[in-house]
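Here is the structure we will look at, set down as structure tokens.
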Amino acid sequence: MPELPEVETTRRGIAPHVAGRTVRELVVRQRALRWPVPKALAERLRGQRIESVERRAKYLLLHAAPGAVIVHLGMSGSLRVLAPDVPVRAHDHVDLVLDSGKLLRFNDPRRFGCWLWQPAGSTHALLRGLGPEPLGDTFDGDHLWQRARGRKGPVKNFLMDQKIVVGVGNIYAAEALFRAGIAPGRAAGRVSRDRYVALAGHVRAILAHAITRGGTTLRDFISPDGSPGYFEQELAVYGREGEACRACGGDLRSVRIGARASVYCPRCQR
DNA sequence: CATCGGACCTGTTAGC
DNA sequence: TGCTAACAGGTCCGAT
């Protein structure tokens, strides 16, 4: 589910309810997520004031004085702000109970998400080596072009490599490549500088626009207030295999690249 | 270092 | 209708 726009939508949804609040307790019902939720996490958080909620790549960071909680939504995770009397449902693995009386509830059927701890002054290994934020100042076509020198793998994998640029997953990679007219299977090193400039612009535009739409809801993504995202209606290629290309009318085709379905238009994308 | 395949886990859907 | 297999938005890790 969650690529950058969904994580950012989540951040914006929870921040007003979480920032400035103090943690009453952390309730962990299922410790076995992508990595075990540290046993000491509840103790570390109890009584701490959450100062801010930051996003880095697809990670959410809940900052407190002694450190930060690192939350990743994995492929099926979601966070919701709820009243304490809302019944626990299947896959509600973690509750962060706040002094406002509300709680932040983490639900994740596939358990690919994580809740980890990062002591103040350190950078967790997961956050090291990440590429630039696609909506930040250091991301542009030149960056992509430089990093693509000598790379023979498909440009789609390159674009989804979090060391190159963060936040772009399968959906938005497919969409950005369509808009840029680049075939997803083309070798990353064989895309011109000009086309990388176009691609970077489309990545930026599509992510920014998807955020304004509240992200993409395919199956189970919901924002913290329970509403879905509305970007799905604007997808040009993702999930549209066999349907007509909105630009040329030809049939969209799906190929597997790196074990991921990759839909594209063979006529518009080269 | 780049690239590839497997792994983690459960729910939904396509196909027989 | 019912069972099984394939597939799903992420990304780490180890082997090559």
Side-chain angles (χ1 to χ4, degrees), chain A residues 1-10 29-37 55-60 70-79 89-94 106-116 124-131 134 144 146-177 184-190 203 206-207 210-211 213-223 228-232 234-235 237-242 254-263:
Chain A
M1 147 211 345
E3 299 186 30
L4 186 147
E6 292 73 40
V7 179
E8 179 62 22
T9 296
T10 298
R29 297 183 199 83
Q30 170 61 271
R31 204 168 282 288
L33 303 182
R34 175 77 202 266
W35 296 282
V37 179
R55 180 188 58 73
R56 172 69 176 113
K58 298 172 191 168
Y59 296 93
L60 289 168
I70 300 175
V71 178
H72 197 291
L73 302 177
M75 275 172 84
S76 60
S78 60
L79 287 169
R89 294 186 298 180
H91 314 301
D92 282 342
H93 304 314
V94 181
F106 176 71
N107 180 284
D108 184 8
R110 292 178 70 182
R111 287 195 267 136
F112 284 180
C114 66
W115 280 63
L116 297 171
H124 196 282
L126 288 171
L127 303 182
R128 285 181 214 143
L130 289 174
L144 288 179
Q146 291 290 349
R147 295 297 305 266
R149 294 310 84 212
R151 293 190 61 139
K152 297 180 171 16
V155 62
K156 176 154 173 282
N157 288 354
F158 172 72
L159 193 57
M160 291 170 64
D161 185 338
Q162 305 296 299
K163 295 193 290 297
I164 303 302
V165 58
V166 302
V168 183
N170 204 34
I171 298 175
Y172 297 109
E175 295 297 312
L177 287 166
R186 171 174 286 270
R190 303 207 46 204
V203 166
I206 202 165
L207 293 176
I211 290 170
R213 309 260 63 203
T216 302
T217 293
L218 289 180
R219 288 183 177 73
D220 43 7
F221 177 73
I222 41 170
S223 63
Y230 295 100
F231 191 72
E232 180 182 5
E234 302 180 37
L235 297 176
V237 289
Y238 180 84
R240 298 189 66 237
E241 177 186 5
S254 181
V255 292
R256 295 199 77 77
I257 297 174
R260 314 296 290 270
S262 308
V263 183

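Letters A, B, ... are given to chains in the order of the sequence lines, protein chains preceding strands, and every chain is numbered from 1. Only heavy atoms go into these numbers, but all of them, side chains included; no hydrogens, no water, no symmetry mates.
Between C:dC12, C:dA8, B:dC4, one nucleotide has an atom nearer to the side chain of A:Tyr238 than all others, and that is C:dA8. With C:dC12, C:dG10, C:dC7 as the candidates, the nucleotide lying closest to the side chain of A:Arg256 is C:dC7. Closest contact between the side chain of A:Arg110 and the listed nucleotides B:dT3, C:dC12, C:dA8 involves C:dA8. Of the candidates B:dG11, C:dT11, B:dC8, B:dC8 carries the atom nearest the A:Phe112 side chain, counting heavy atoms from C-beta on. Minimum atom distance to the side chain of A:Pro154 is reached by B:dC4, of the listed B:dG11, C:dT11, B:dC4.
Heavy atoms of A:Phe158 sit nowhere under 4.0 angstrom from any nucleic acid atom. At a threshold of 4.0 angstrom between heavy atoms, the contacts of A:Ala261 are confined to the sugar-phosphate backbone, with no base atom among them.
For A:Lys152, no side-chain nitrogen or oxygen approaches OP1 or OP2 of B:dT3 to under 4.0 Å. For the pair A:Arg111 and B:dC8, the criterion of a side-chain N or O lying under 4.0 Å from OP1 or OP2 is not met. Residue A:His72 has a polar side-chain atom (N or O) positioned under 4.0 Å from OP1 or OP2 of C:dT11. Taking side-chain N and O atoms only, A:Arg260 has a distance below 4.0 Å to OP1 or OP2 of C:dG10.
Distance CG (A:Asn157) to P (C:dT11): 14 Å, rounded to an integer number of Å. Taking atom CD1 of residue A:Ile171 and atom P of nucleotide C:dA8, one finds them 11 Å apart after rounding to whole Å. Distance, A:Ile70 CD1 to C:dC12 P: 12 Å, rounded to whole Å. Straight-line distance from the CG atom of A:Asp161 to the C1' atom of B:dC4: 13 Å, rounded to whole Å. Residue A:Leu73 contributes atom CG, which lies 14 Å from atom C1' of C:dT11 at whole-angstrom precision. Between the CD1 atom of A:Ile257 and the C1' atom of C:dT11 there is a distance of 18 Å, given to the nearest Å. What separates CZ of A:Arg128 from P of C:dC13 is a distance of 12 Å, to the nearest Å. The CG-C1' distance, from A:Asp108 to C:dG10, rounds to 11 Å in whole Å.
What you find for A:Ala173 and A:Val168 is that their closest heavy atoms are N-CG1, 3.6 Å. A pairwise comparison of heavy atoms in A:Met160 and A:Asn170 identifies CE-N, 3.6 Å as the closest pair.
Between the side chain of A:Glu6 and the main chain of A:Glu3, a donor-acceptor pair closer than 3.5 Å is present. Put simply, the side chain of A:Glu175 never gets that close to the backbone of A:Ile206: no donor and acceptor are under 3.5 Å apart. With A:Arg149 contributing its side chain and A:Arg151 its backbone, the two residues share no donor-acceptor pair below 3.5 Å.
With P as the reference atom, C:dA6 and B:dG6 are 14 Å apart, rounded to whole Å. Comparing the P positions of B:dC9 and C:dC3 gives a spacing of 25 Å, expressed to the nearest Å.
When the shell of 6.0 Å around CZ of A:Arg89 is examined, it contains 12 or fewer heavy atoms from other residues, nucleotides or ligands. In the displayed structure, A:Arg31 atom CZ is contacted under 6.0 Å by more than 12 heavy atoms of other residues, nucleotides or ligands.
Base pairing in DNA chain C yields stems of at least 3 consecutive Watson-Crick or G-U pairs, both distances under 3.5 Å, namely B:2-8 with C:10-16, B:10-16 with C:2-8.
Checking A:Phe112, A:Phe106, A:Tyr59 one by one against A:Leu73, the side chain to side chain contact (heavy atoms under 4.5 Å, CB included) holds for a single residue, A:Phe106.
Of the residues near DNA chain B, A:Ala90 and A:Arg34, the one whose nearest nucleotide (by heavy atom distance) lies more toward the 5' end is A:Arg34. Toward the 5′ end of DNA chain B lies the nearest nucleotide of A:Lys163, the other residue of the pair A:Gly258 and A:Lys163 mapping further downstream.
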